[in-house]
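Worksheet: the structure to be examined is printed underneath.
Read the numbers this way: they start at 1 and go in the same order the structure lists the ligands and their atoms. One-based numbering along the sequence shown.
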Amino acid sequence: MSQAFQAAKLTDRVYWVGAIDWAIRDFHGYATRRGTTYNAYLVLADKVTLVDTVKAPFMGEMMARIASVVEPAKIDYIISNHSEMDHSGCLPQTITAVRPEKVFASANGAKALEAHFHLGGGVTPVKDGETLGLGNLNATFVETRMLHWPDSMVTYLAEEQVLFSQDGFGQHLASTERFADEIPRDVLRHEAAKYYANILLPYSNLVTKLVAKLGQLNLPLKMIASDHGPVYRKDLGWIVDLWAGWAEQKPTAGAVVAFDTMWGSTALMARAIAEGLAAGGAAVKVMPLQACHRSDVVTELLEAGALLVGSPTINNQMFPTVADLLCYVEGLKPRNKLGAAFGSYGWSGEAVARIQESLDRMKIERAAEGLKIHYVPDDAALAQCRTLGETVGQALARRAGGP
Ligand code: FEO
């Protein structure tokens, strides 16, 4: 087995044995420009335990890292906190390779693993709050259903005070550094926000409950070890508080203007609207969809109070890029946002109404009526655009507690 890949020591009895995916740029529709890691953890208890595995093509890297610490065949238990294939993809092959005494997952996890891999049973379901003795150490399971799959759970290793939080508090960030305190805070914050916005946003109510539950449990905690990105060993409250804040989705004075354009008219409208938004007191992010990925728009929207969407009409429809964005945002169910629709049209001009329907389905409050401009906006039309922006900007500032 290659000695190029070594485990990273986290505590005396916990090692990171995951894999670094420097190349991935699309994670089910999410642009992962900094790559990612698939984190697996080895617990050197009396019962040697592997917590999660990695995406299938990276099994060799994981096994090599395990072998740098212990002979893989000595693994007694595997705990699967989450069945999604970035963490379970090589589980069947790992079971074949190491022949563990037992594999544990939540009840939903056991079903999901069976539905994925058709193992013919063999996964032992564990209950919320159950503690598994590893001999000299103890692992307690806390179910986190729908954060973000029905099977999800986290595992707390009491003696080491480590929380294996699966996707929780994670981020897509490939790096040779294993600890969050070794990475610039602005990079961490951006990637953590992007992860939250694109994966967790629809489940924000559950995030709020989970953070409260962890607070009530008051577990002594030295480390949060997620399944993606770096491990937190200092200032753990920083990432927990960020998640708690994002889950609240409090209105801010930020506005996102996302649009596409055919011959430049809707782009011109967007620019005039942005001027108005700024004049009204908003912090504006203008995001042309020819240059901005849907997952980046959603990242900006996480901490914005308004979403303004523009599209020309093409064949009685909005532009496909705008439809793509709205389909994605609808699924993520943002709350507490204001909105408006706009666009240039030639003859029938349905796009603005269709955007508005989407915003309505999302319960995004109409801060201004949709604005349709025939062909190319003249000075009067651009003034209307600016006024629309000002109206939304002022409403945002009021909601955010401004003047
Ligand atoms: Fe990282 Fe939901 O899998």
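- Checking K285, K250, R189 one by one against E303, the salt bridge (Lys or Arg N to Asp or Glu O under 4.0 Å) holds for a single residue, R189.
- Aromatic ring centroids of Y41 and Y15 lie 6.0 Å or more apart.
- Centroid-to-centroid, the aromatic rings of F104 and Y77 come within less than 6.0 Å.
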Starting from the C-alpha separation in whole Å, work towards a yes-or-no answer on side chain to side chain contact (heavy atoms under 4.5 Å, CB included) for R185 and W238. CA-CA 10 Å; R185 201 40 91 83; W238 178 77; 3.1 Å; yes

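- To the nearest 10 degrees, atom 2 (Fe) of ligand 1 sees NE2 of H148 and OE1 of E84 at an angle of 90°.
- Atom 1 (Fe) of ligand 1 lies at the vertex of an angle of 80° between the NE2 atom of H228 and the OD2 atom of D86 (rounded to 10°).
- Atom 2 (Fe) of ligand 1 has no N, O or S atom of H87 under 2.8 Å away, backbone or side chain.
- Atom 2 (Fe) of ligand 1 lies closest to atom OD2 when only the N/O/S atoms of D167 are considered.
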